[in-house]
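Right, one structure below, let's go through it.
We count ligands from 1, going down the list as the structure has it; atoms in each ligand are counted the same way. Computation of the quantities below employed the complete heavy-atom set of this structure, encompassing side-chain atoms and omitting hydrogens, waters and symmetry-equivalent molecules.
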Amino acid sequence: MFEWNWNSIKAECVAFLGPAGYGYVQTSPPNAHIVGKQWWTAYQPTSYDLVSNRGTREEFIDMVNTCKTAGVQVIADAVVNHMSGASAGTSTLGTNFTHYDYPGTYSANDFHYCGLTPDNNIADYTNRDQVQKCQLVGLADLATDTDYVQGRLADYLKDLLSTGVTGLRIDAAKHIASSDITNILSRVGPVPYITQEVIYGDNEPIQPSEYVANGAVQEFRYTNTLKWAFTEGGIDTLQDFGNRGWLDSKSANVFVANHDTERDSSLNYKSAMNTYYLATIFSLAHPYGANPTVLSSYFFEARDDGAPNNWQGACQGISGDKGWLCQHRWPGISGLVGFRNTVGDSEITNWQTGTHQQIAFGRGNLGFVAINNESAQWSAEFTTSLPDGSYCNVNGGAPRDGCMGSPITISGGKFTANITPRTALAVHVGAMAPAGL
Ligand code: ARE
Ligand code: CA
């Protein structure tokens with residue numbers, strides 16, 4: 001829930017995320033940061049007090065508790081590689097800092113001065129030492145290889161866990177040696193879920209696989225490949241991800257877009273021909289990536305545009321064209337969350353294709369999905385391993401109030417359908433059509 005404030009996440013856990021079956025909600029960074037309306041101010045920490053644009057410590061704890069009661073665990077975005085990029089300023093807490101001095105938290109000898117580039121900033125991603133010991137876009141780089149910094153970061157993470165948080169996203173993990181993260185986590189104790197941001201780059205020495213000992217790792221090759229497949233390569237290339245040299249499925253945290261890639265490189269809500277929606281349906285239906293993430297974000301024009309409505313997230317009643325997108329509520333996305341919860345880790349069955357942009361597959365005998373990423377209708381008979389019966393098409397959303405649209409009747413394992421251009425259908429045994437439909 002990119003940039004949603006704590007009060008609005010709290011409300012959304014109860015109103016939608018819990019009932020729809022989302023297991024976790026990931027928040028933007030909760031700690032104090034430089035002041036400003038640009039979204040990326042959250043990625044310039046000034047201390048570990050839980051006071052940010054998105055709310056206070058009390059509001060954060062209230063949100064975590066309410067979400068857990070609604071069945072939704074909280075993942076906090078942990079910015080631990082660096083502090084700010086400013087030469088000096090005031091924080092969201094109202095305190096003053098300079099680039100290498102954060103009174104009460106860090107002072108000058110807690111930072112790397114890499115001495116490898118003229119301005120101590122990273123210039124060459126093919127150089128491991130630069131990536132891990134120089135400054136990422138000018139952000140004061142913490143000496144994460146020192147006892148004091150490791151202890152201070154461990155204390156911060158322990159404090160987050162004490163609020164009831166059970167998951168962490170380690171921001172810029174590639175810029176910290178994996179062994180330093182291991183050391184910090186060993187001081188924290190068990191963390192139920194960790195995902196690490198390690199962006200794979202061609203010809204770069206630091207590999208995502210180096211970090212699997214610490215927890216899950218984000219698989220950006222998946223993000224890039226989905227864009228390619230849905231816009232040019234063909235989605236019939238997406239059956240198998242096991243032989244590409246990527247992260248093992250159980251370690252891979254996958255997504256169609258995150259808050260960076262939606263601005264820079266991946267499919268996003270502006271993508272033509274419904275490809276973003278269909279790719280998200282695919283990512284929830286396909287078993288690769290034990291931990292898929294759905295981004296929920298907001299309309300933007302310029303890259304720096306901050307959150308609408310003073311960080312108060314909402315899915316209704318926002319006027320103007322720069323409101324919240326609420327992707328997590330799009331019927332095909334929330335409906336596929338129920339699909340994924342039902343099919344679990346079942347294998348792919350009954351893989352079928354039409355053109356290069358038309359695929360269908362089952363998940364054991366529990367679910368079946370068909371995706372028509374083509375500008376023509378796909379009329380076909382589909383063979384499934386599902387029990388005979390009448391199913392809701394959950395691409396129309398969670399069937400809490402009966403099916404949306406016509407049910408799909410499976411007989412002898414088969415059904416026929418006319419799938420309109422650039423749409424999908426999905427059925428699973430957890431969403432049978434009510435009698436009489
Ligand atoms: C802002 C301004 C900068 C200014 C800086 C310091 O935009 O102009 O120099 O402040 O004053 C986010 C924004 C940045 C922002 C920063 C701090 O994206 O624009 O800088 O916050 O406010 C690399 C890293 C990866 C990182 C991406 C963005 O490896 O970790 O760059 N992603 C995370 C977050 C970001 C966040 C940060 C890290 C910093 O998800 O939202 O930055 O906390 C190849 C490489 C990748 C590299 C990528 C882009 O693909 O393989 O490793 O990613 O290029 O350079
Ligand atoms: Ca570093």
Kindly identify the option in Asn224, Asp202, Ile199, Asp260 whose heavy atom sits closest to atom 53 (O) of ligand 1. Ile199
Just to confirm my numbers, could you give the angle made at the Ca ion (ligand 2) by O of Gln132 and OD1 of Asp141, rounded to 10°? 120°
For Lys174, run the salt bridge (charged side-chain N to carboxylate O under 4.0 Å, His left out) check against Glu210, Glu197, Glu204 and tell me which one passes. Glu204
Gly242 backbone acceptor or donor facing Asp240 side chain under 3.5 Å: yes
side-chain contact (heavy atoms from CB on, under 4.5 Å) evaluation trace for Glu12 with His328: CA-CA 10 Å; Glu12 194 66 0; His328 64 282; 2.7 Å; yes
Looking only at non-hydrogen atoms, which of His175, His33, Glu204, Glu197 approaches atom 24 (C) of ligand 1 most closely? His175
Students should be able to answer this: which protein heavy-atom is nearest to atom 13 (C) of ligand 1, and at what distance? Trp39 CH2, 3.5 Å
Per-atom filter on ligand 1: closer than 4.0 angstrom to a heavy atom of Lys174 are 45 (C), 46 (C), 51 (O), 52 (O)
Select the closest option to atom 12 (C) of ligand 1 among Tyr125, Phe220, Tyr200, Trp40, judged by heavy-atom distance. Trp40
Distance check below 3.0 Å: does Thr144 bring an N, O or S atom to the Ca ion (ligand 2)? no
Checking ring-ring contact (aromatic ring centres under 6.0 Å, His included) against Tyr269, which of Tyr276, Phe299, Trp324 comes through? Phe299
Under 4.0 Å between heavy atoms, the region of Val137 that gets near ligand 1 turns out to be both
Does the protein place a non-hydrogen atom closer than 4.0 angstrom to atom 49 (C) of ligand 1? no
At under 4.0 Å between heavy atoms, which part of Gln38 makes contact with ligand 1: side chain, backbone, both or neither? neither
Distance to 0.1 Å, residue and atom name: give those for the protein heavy atom nearest to atom 11 (O) of ligand 1. Gln44 NE2, 3.5 Å
Can you name the atoms of ligand 1, numbered from 1 with element, that are less than 4.0 Å from a heavy atom of His82? 39 (C), 43 (O)
Testing the 3.5 Å rule here: is there a donor-acceptor pair between the side chains of Asn253 and Thr293? yes
Derivation and outcome, side-chain contact (heavy atoms from CB on, under 4.5 Å), residues Ile359 and Phe282: CA-CA 10 Å; Ile359 59 171; Phe282 171 85; 3.9 Å; yes
Out of Asp77, Thr261, Asp171, Asp264, who gets a non-hydrogen atom closest to atom 38 (C) of ligand 1? Asp171
Which residue owns the protein heavy atom closest to atom 14 (C) of ligand 1, what's the atom, and how far is it? Arg303 NH1, 4.1 Å
Does Asp264 come within less than 4.0 Å of Arg303, counting only side-chain N to carboxylate O? yes
Would you verify that at least one protein heavy atom lies under 4.0 Å from atom 1 (C) of ligand 1, or report that none does? yes
Can you sort out which atoms of ligand 1 are near Ala172, meaning under 4.0 Å from one of its heavy atoms? 30 (O)
Shortest protein contact, atom 42 (O) of ligand 1 (heavy atom only): Tyr43 CB, 4.4 Å
Look at atom 8 (O) of ligand 1 and say whether a protein heavy atom is found at less than 4.0 angstrom from it. no
Donor-acceptor check, side chain of Thr66 to backbone of Met63, threshold 3.5 angstrom: yes or no? no
Has the side chain of Arg221 got a donor or acceptor atom that lies under 3.5 Å from a matching backbone atom of Ile199? no
Could you identify the single nearest non-hydrogen protein atom to atom 31 (O) of ligand 1 and state the distance to 0.1 Å? Leu136 CD1, 4.1 Å
With ring-ring contact (aromatic ring centres under 6.0 Å, His included) as the test, pick out the partner of His259 among Trp40, Phe300, Trp39. Trp39
Over 60° means perpendicular and under 30° means parallel, so tell me whether Tyr125 and His175 are parallel, tilted or perpendicular. perpendicular
Answer with yes or no whether Arg169 contacts ligand 1, where contact means a heavy atom under 4.0 Å from a ligand atom. yes
Is it true that Arg263 lies under 4.0 Å from ligand 1, counting heavy atoms only? no
Answer with yes or no whether the side chains of Asn268 and Lys227 bring together a donor and an acceptor at under 3.5 Å. no
Distance check below 3.0 Å: does His175 bring an N, O or S atom to the Ca ion (ligand 2)? yes
Answer yes when Asp171 and Arg169 have at least one side-chain N-carboxylate O distance shorter than 4.0 Å, and no when they do not. yes
